[in-house]
Structures are given as structure tokens and as C-alpha cells.
*Asks:* 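Below: one structure in C-alpha cells.
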Amino acid sequence: MAKKYKLKGTYNKETERASFDDARFSINYEQELNAEQYKAACAVEGSYLIIAGAGTGKTRTLVYRVARLVELGFDPQSILLLTFTRKAAKEMMNRAAILLDNRCSKINGGTFHSFANLSLRKYGKAINLDSSFTILDQGDSEDVINLIRAQLNFDKYKKRFPNKSTIYKILSLSVNTERNIEEILEEDYPHFAEFTSEVQEIKKYFNSYKDKNNLLDYDDLLLKLRQILFENPTAAKALLSNIKFVMVDEYQDTNKLQSDIVKGLTQFNNNVMVVGDDSQSIYSFRGANFKNIMEFPKIFPESKLIKLEENYRSTQEVLNFANKIIDGAIEKYPKHLFTRKGNGELPAIISASNENMQSRFIVERILELREEGIPLDEIAVLFRSSFFSFDLEIELGKANIPFIKVGGMKFVEAAHIKDVISFLRILANPRDVVSWYRILLLHEGIGPKTAQKIIDVLLNLPTTRIFNPDLPIKSGMKNVIVDLLSVLNKANNSKLTPLERSEVIVEYYQPFFRNKYDDYNKRQKDLDMFLNISEQYRSLDSFLADMALDPPEDSVVDLTEEDKESEKLVLSTIHSAKGLEWHTVFIIHAMEGFFPSGQALNNLDSLEEERRLMYVASTRAKQNLYVSYPMHIFDRHSGFTFAKPSRFITSIDEDIAEEWLIEDER
């Protein structure tokens, strides 16, 4: 019997009537939100673009809208909330549950990639995808590319050939921006343009390798979800039958693929609300497309625009500075950030004679702020590029000011964690060649050629026999292989939990672990943490999917006892600081060629993104904002040369920012 699917619900008129009767709600939405937030929270059907300026309470607005939809009687599972981190989705769901009740925790919330993963496991057969696919993280993808690069002898060129990480970036950028490889090489990597045909060949072999071994990388997840939405009407209707409302956070960070997916998800009912800030679109290097948010009204012609402009973070003085920066943008949704908070101090533009004097000023000002009672972890130094802070780090060390520099190694990128995950991934997908290769090379006496021979034998067998210890291995490593397969066979018991399987693997891994790493005693804490995380899961597939798509951030190896102090100054690139806030913010090296970067000076789109980057940096400050630059900079060819202040701050009037000139009293 055919399943019936209704494109439009019968709730329209009831919803319309109910929406005017606020007395029925347990939450007084109008009282708890400002006028524009309330307008957004009350939106029900149709398409909406919420332009949420920095610090204007976009998360609060989304949380109240979720609660209101649930109070209106909609099934929580009919609400899909897409974010860029699982942490953001969880925070919104938790806040909505606290605001209303536990029904809000049942909405479909997660990242684009996690939603794609779940959808493909369920509907992948419609596009001939085996639901037991393994997800390759970036490191795995780079390793496969390196293997292909070597097999094609492209590493034998006399001229420098792009390395595995560069090739991966090129291929991924091509997918996410839908630009061809030739165009990307010419525009972004002109020194490798002569290798266009070779990179295209690597792409062909890479895709073939993934298809053959049932592997998907991050980009494939989105590609195949889009394929289902637009090329398989039956599967698309089944997937979308229970989704009535789509909400997207940080829409300015979406790429072309994600924009298409949003359109595909709303193809039957058009109920979509995207929230973002065009002035905070700063991730083009990842494939994010500024045009997505600017052209949303064209993609959804009936959409309504709501602007959130009341800021709850910064003083008006800081906002005046940020408003002035973004007023110069060529393409934007005009907005003016304002606050009801009390008056503060004017931001300061600081001219220092050289880089070291800039560093010494910052150190002295931080010590003064500390004396005034401002905690170190409420102070941040932001920069355009990571190496800008090297001189400052030396001065901070001299002054014994503890600091943390954002951007360390992710937990699952640590080699020993990748080792253990490789064992588990083989249990989930016995034809995962990348993981077989990694664990075989752990064993003494097995090199790349022997590993490949063993893999060839294993993969020629039916999947049910791969873990059979009695395999006809002719290699001199037969006893070693038998032991390995015995352990995998033991861990392959479906009755075991992810924790129990992990314990079997970690026990077998210990001798290799101690032999491979001199600091294994420190790394052991990571393995303990891994086991603790695995205990939270009942399914190996969901555990591995989360490890690939939304892993813990930090490795314990990189944390010393000093790092564990609660109060540390924050040093961060501006890209890593987005979404965060501090009492006092220093922006350093605000000079031409550094910020904006020299690479952006000849490209209008890049220059506009640099302006938005300065806006993002400025709006991180709640109370104090200092923007500094050295007037002389050392160049190894020319010695000290005169530096021009950034074009973004030269037009700032004295009623918006004070000018300070740093003098040396020593």
C-alpha cells in the first residue's frame, strides 16, 4: 500500500489564530524579548532572513522561537536546527528545554555533516550507497591522497609538487565552491598551475578509491545528501516527510553545497529561517560563500527580512568604532549597532615606534588591568596571522604572564588516538583500507609493501571471513597477523558495547603504544579519556561518526600543569575568536600589508573580507578596545621600513577613537 505524503499540513489556520493569542503561552515572549527578537520568535510559516549584528542575542532569539513553535503544538522532531558545531546545537536545545520543558530537547539539532550522516545511513540505498560506509577525516583523506600521489609517481618531479594537505585543500575547495581545479590553481596556487592535469588525475583516482572501499570524506556527505534531495524524489519525500521547519545558524558561513541543501530541505513547504550576519562572513578560505546570505532573498523570493541591531555585549563607544569600520563595506545589509548600556571609554589607536614597543605596551597595560581587578581570562590579544604574536609571547614570558594560544591539536588528530580509532573503524567497515594500512604498519617487520600484500589477501575474501585467524597468509609475519586477527575477531562481537570493544583494542595496543612514544605516560591520559567517551555510546557506528564529525577539541598531551590554571591571557587569531567575547581586547599589527594582508590588496572581494575581519575583532570587546601598530617594521632585505596604518583605521575620527603615541621612558 502506497504511503501517503501531504505537501502542506492542515495546521495553517489554527496556527495563524493561535499565534495572536499570547495568553495561551507559559512564556511572556513579548516581555522577555526586544521588538525585533519578538518578531523573529513569532515567525511561523514562510521564509525568514534574520540579520543578527554582533552581540544582538541571535542564540536567545532562536531558543525562544524553538520554544514558541513547541508551545504552538508542533512536534519537536519536525523542527530541524542546523549549526556549525554540535556544541552550538546542544546549547540551544538545552536552553530551550530550561526555558520551556524537555520537549525542546527532542528537536532535530546538529551540524550539516552529522545530519547528512544520519540521513545517508537511512536513505543511502536510494543512491546505491552502502549504509556501513566509513567517514574519512581530513588526516585520513590526506593519507589516501599521498598514497595515490606516490603510486602515480608524482612525487618524483624535479620541480616541487604540491604536498598531500595542499592537494586535499584544492580538491575540497573545488567541491565546496563548485569551481574547477584549473581555476583554483590559477587563482589560489599559481605556482602549481602547471600541475593541473596531475591534480585532476589524483582527484579521479581518489574518488574511485573511496567508491571501491565504501569510504566518504566530509565533502561526500554533503554531496550525497544533495544528490538524494534533488535527484531521488521518493527518498527526498521520505526524508522530508517529518520536517516542517528548518532553522540555520551562522548562515553567512555556509558554502554553495550547504546553501543548495537548505533549498532542498525546504522544497516542499518553504518554512525556513536562517540567522547570520553578513558583516561576519570571514571564512572564504574554507569555501564559505558571502553571496549566500546576500542572495537569500533571490533564492527565497517571498522571504521577510528582520534585523537585530540592539547589542547586549559592548559599550556604545566600542560599537561606534565597529559601525564606522563596516560603514565602508561596499556590499552589505545596512545596520547600526546600538546599546542601552552605560557609557564607556573611547577605543584607542596606538602607534608604537616598533614591534617590541607594541609588545611592551600591551604587557604593561595588561598588568595595569590586572591591578584594576580585570581577570587575565577576560583579556584577549587578537591578530590576523598566528606568527604576529611571536615577539609579544617573549615579552609575556619575561613578565610571567600565563597565556594560552588558541589553535592547538584536536584530540582525534593525536597519532595514538588515530591508531585506536583505526582498529574500531575496521570493525565497522572491514574494507577500510586506510585503517588496515595504519594498524599493520604498527607491527615491527611490516613495511608498506608487506602491508599492501596482506591487505590484498584480506580484501579478496568475503567480508564474513576477513577476521578469520586461519587465513592463508604466506608472509613471514603470519603469527603476528594471526594474533591481530584474533583480537579483531574478539572485538567484533556485536553484543559488546563500544567501551568493551575499545578495551579489547587498547589492551592489544599497549605494547605498540609504549614502544612508539617516548612520552606514553602523558599520552595514556588521552587513551583513558577515549575510553571514558566511548562509555557514553551504545552504538559503534554513532561513536565513530561523532569522533569523525564532532570530536573533542584538545589533547591532554599538550596540557601542562601550568596550562590548567583557570586564569590565562588569551592569544588568538581573529578567525578563532569569532563568537567569543572579552572585557578588554587588543588588536595588533593593524597596518597595511599585515591587516589587511598583502595577499588581499589586489582583490576587492578579499579586501572586503579583511574589513569584515576587523569588524569581527572589534566587536569581541565588551569594555576596552585597543588597536595598535608599529610605525617601523623590520624587513630582512631592507632593514627597518616605515609602516602605514591599516586603511580600516585611518578614517576613524577622534570623537570615535583616541590616538595614543607610545614613548619609551627607559
*Asks:* Applying side chain to side chain contact (heavy atoms under 4.5 Å, CB included), can you list everything that pairs with Glu378, at least two apart in sequence or on another chain?
*Replies:* Ile374, Pro375, His583, Lys622
*Asks:* For a 4.5 angstrom cut-off between non-hydrogen side-chain atoms, does Tyr508 reach Leu488?
*Replies:* no
*Asks:* Could you give the distance from CG (Leu458) to CG (Leu440), rounded to the nearest 0.5 Å?
*Replies:* 7.5 Å
*Asks:* Rounded at 0.5 Å granularity, tell me how far NZ in Lys106 sits from OG in Ser78.
*Replies:* 13.5 Å
*Asks:* Glu142: what forms a salt bridge (charged side-chain N to carboxylate O under 4.0 Å, His left out) with it, not counting sequence neighbours?
*Replies:* none
*Asks:* Side-chain donor-acceptor pair under 3.5 Å between Asp217 and Ser141, yes or no?
*Replies:* no
*Asks:* What's the spacing between Trp436 CH2 and Gln452 CD if we round to 0.5 Å?
*Replies:* 13.0 Å
*Asks:* Using only heavy-atom distances, determine whether the side chains of Arg121 and Asn117 contain a donor-acceptor pair under 3.5 Å.
*Replies:* yes
*Asks:* Could you please spell out the steps behind the salt bridge (Lys or Arg N to Asp or Glu O under 4.0 Å) verdict for Lys58 and Asp277?
*Replies:* CA-CA 10 Å; Lys58 72 174 178 64; Asp277 184 3; over 6 Å; no
*Asks:* In Å, rounded to the nearest 0.5 Å, how long is the span from CG of Leu527 to CD1 of Ile417?
*Replies:* 5.0 Å
*Asks:* So how far is it from Arg95 CZ to Arg60 CZ, rounded to the nearest 0.5 Å?
*Replies:* 7.5 Å
*Asks:* Both conditions, 6.0 Å and 45 degrees, for the charged tip of Lys210 above the ring of Phe206: are they met here?
*Replies:* yes
*Asks:* Flag the pair Ile261 / Phe115 as yes when at least one side-chain heavy-atom distance between them is below 4.5 Å, and no otherwise.
*Replies:* no
*Asks:* Phe112: which residues meet the ring pair (Phe, Tyr, Trp, His ring centres under 6.0 Å) condition with it, sequence neighbours left out?
*Replies:* Phe84
*Asks:* Does the side chain of Thr166 pick up a donor-acceptor pair with the side chain of Asn163 at under 3.5 Å?
*Replies:* yes
*Asks:* To the nearest 0.5 Å, tell me how far Ser165 OG sits from Asn146 CG.
*Replies:* 9.5 Å
*Asks:* Taking salt bridge (charged side-chain N to carboxylate O under 4.0 Å, His left out) as the test, write out the residues that go with Glu503, two or more places apart.
*Replies:* none
*Asks:* Once you measure the plane-to-plane angle for His575 and Tyr283, does it fall in the parallel (<30°), tilted (30-60°) or perpendicular (>60°) bin?
*Replies:* tilted
*Asks:* Mind jotting down which residue pairs meet the ring-ring contact (aromatic ring centres under 6.0 Å, His included) criterion with at least one end in residues 445-464? Sequence neighbours excluded, please.
*Replies:* none
*Asks:* So do the side chains of Tyr537 and Thr497 get within less than 4.5 Å of each other, counting heavy atoms only?
*Replies:* no
*Asks:* Can you name the salt bridge (charged side-chain N to carboxylate O under 4.0 Å, His left out) partners of Asp541, sequence neighbours left out?
*Replies:* none
*Asks:* In this structure, are over 12 heavy atoms from other groups packed under 6.0 Å from Glu393 atom CD?
*Replies:* yes
